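One structure is given below, encoded as structure tokens.
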Amino acid sequence: MTLRTRTRLFLDRADAAAATHDLGIAGFTHDEVTLVAGAADSGAVGLAGGVAGCLTASGVEAPDAQGLAEGLRRGGAIVIVRTDEARIE
């Protein structure tokens, strides 16, 4: 089994939560889906840097990971799906 990671940045935390709910209905487990929500304040800078490193370690290209982390720093939310490549379209 080869694992793949797919990510999506949402500007609104509620939209990201709705997406994780929909993924659950589609059959993805809590172990496969992660929601990371940021805060639009200076305290999120360190968190965003850590998220970029984690995303890169899980297979996301560095420029994409940095963009996602910046969106998180600005108050967005990231939904991460890590599952078997056969389940990723």
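Bear in mind the structure is a predicted one, so any value in this text is a computation, not a measurement.
Taking CG of Leu55 as the reference point, atom CD1 of Ile80 lies at 5.0 Å (rounded to 0.5 Å).
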Under 3.5 Å, which donor-acceptor pairs do the side chains of residues 22-38 form with other protein atoms, sequence neighbours left out?
from	atom 1	to	atom 2	distance (Å)
Thr29	OG1	Asp31	N	3.3
Thr29	OG1	Glu32	N	3.3
Thr29	OG1	Glu32	OE1	3.4
Glu32	OE1	Thr29	N	2.8
Glu32	OE1	Arg87	NH1	3.0
Glu32	OE2	Thr83	OG1	2.4
Glu32	OE2	Arg87	NH1	2.9

Let me check something: any side-chain donor-acceptor pairs from residues 9-18 under 3.5 Å, sequence neighbours excluded? List them with distances.
from	atom 1	to	atom 2	distance (Å)
Asp12	OD2	Ala14	N	2.9
Asp12	OD2	Asp15	N	3.0

Output side-chain donor-acceptor pairs under 3.5 Å for residues 60-69, partner residues at least two apart or in another chain, one line each.
none

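No side-chain heavy atom of Leu72 sits less than 4.5 Å from a side-chain heavy atom of Arg74.
Listed by chain and residue number, nothing satisfies the salt bridge (Lys or Arg N to Asp or Glu O under 4.0 Å) test with Arg8 (two or more places apart in sequence, or in another chain).
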